[in-house]
Colleague: 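This structure is in structure tokens; I'll ask about it shortly.
When a ligand or atom number is given, it counts from 1 through the structure's own listing order.
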Amino acid sequence: MIDHNYNIGYLNHCQICYSKNLTEVIDLGYQPLADDLIKKTNINRECIYYPIKINLCKKCMYVQNNYIVGDNILYNKNYHYRPGISKSIVNNLKILAKETIQNYDLKPSDLIIDIGSNDGTLLSQFKFFGYNNLLGIEPTGTYIFHKEKNIKVLNDFFNTKTAEKIYFKYNKAKIITTTNVFAHTNKLGEFIKGIKKIIKKNGFFIIENHYLLDVIKKNQFDTFYHEHLRTYSLRSLIKLMKLYGFYVYNAKTSDRYGGNIQVHFTLQKIKPLPNVNKILNMEKNFGLDNPSTYFKFNSRINIIKNNLYEYLNKNKSKYIIGKAFPARASVIIHYFSFLKDHLQFIVEQPTSLKLGHLAPGTDLEIINSNFLFKNKPDIMIILAWHLFNDISTKWRKNGLKKTVFISPLPKFKIYK
Ligand SMILES: [Zn+2]
């Protein structure tokens, strides 16, 4: 039965159409969970490794991970990711809130729900603009940050049961947002059915996620981690939502996190904005429906891997560090496993919850970036490469005049 709710373990079928006609895009081997940081004081605990194997469904062209770890293991009290500590992410979420208010003519009384609201950053942007009928849904420990923002929150997974509770207490929402969540859940059918229960007929469901076209174009194999079960194109997303009675209304792409897509769905049968067709054509012209696009992607990654390896091998006596540890950095470190030997440690900004931890499955400590003011590295590998310009400019100004900055992706780049 096609219900889009998957059990833990290997899948032998497409997550969306259930076809068994799958072909491998990339095999990243066994890796620890990208967010499974180990406290420095608890180094005896070992990380569990799970496969990351990305397949393309030849029938419906969905790109997907064929191993399901399970929501309860991935999203727990110890979740470390918080959008609220990154200025650029906060600014982007502010734009999302502002545009939503303008485009949909929101009234202060309209209910706005954010699913997977994390620390409440997106909802607090709506609040900033004077909207107070807000509700966050967040299963991990980051839900506590809603309280300091004075925003209501439900500390639970989102599914049809939670949706019933919400409907009973708050009625239906005009806007439901979900950013970097929709590609994650292994109970996808439950999730979409839940949305249907709590969205107004004239409401809009706004999904934002990493975007397949950018992943392939910019060689972002590091977006393939256990949490990302699916990597959406606009075409595949429209097909999926149609199965549940949703119509696409708007779509736009952005540079966020190295390339994101935002898609707006509604239960009303209204004409989509011209952007939708524009993006669909772009996907077609790029060759997202052609398996050879993905084979070429795989060979480009191997070239980058070799180039980085040779460079580090030549410079192995130097003082080399990694900069920033978003979840995706874990994937880079494990697939380009020689990095584990070459990096001395990784630095993160002073407000990061990751400080004092070891990167999953390694003995690389994540330390406060203030350390660099007095201990200037020869080489800095920017693992959060999607912020390469911001990070390199900032640290050049901060006094790292002679440090060589390296970007591993989208191409191996040396910046002196
Ligand atoms: Zn399929």
Colleague: Looking at K252 and E99, is any side-chain nitrogen of the basic one under 4.0 Å from a carboxylate oxygen of the acidic one?
Modeller: yes
Colleague: Aromatic ring centroids of H264 and Y104 under 6.0 Å?
Modeller: yes
Colleague: Around I48, counting heavy atoms of other residues, nucleotides and ligands shown, do more than 12 lie under 6.0 Å from its CD1?
Modeller: no
Colleague: So that I know where these two stand, are F265 and Y249 an aromatic pair - ring centroids less than 6.0 Å apart?
Modeller: no
Colleague: Report, as a single number, the protein N, O or S atoms less than 2.8 Å from the Zn ion (ligand 1).
Modeller: 4
Colleague: In a check of side chain to side chain donor-acceptor pair (under 3.5 Å) between E208 and each of N260, N92, T179, T177, which one passes?
Modeller: N260
Colleague: How about K340: does its NZ atom have over 12 heavy atoms from other parts shown lying under 6.0 Å from it?
Modeller: yes
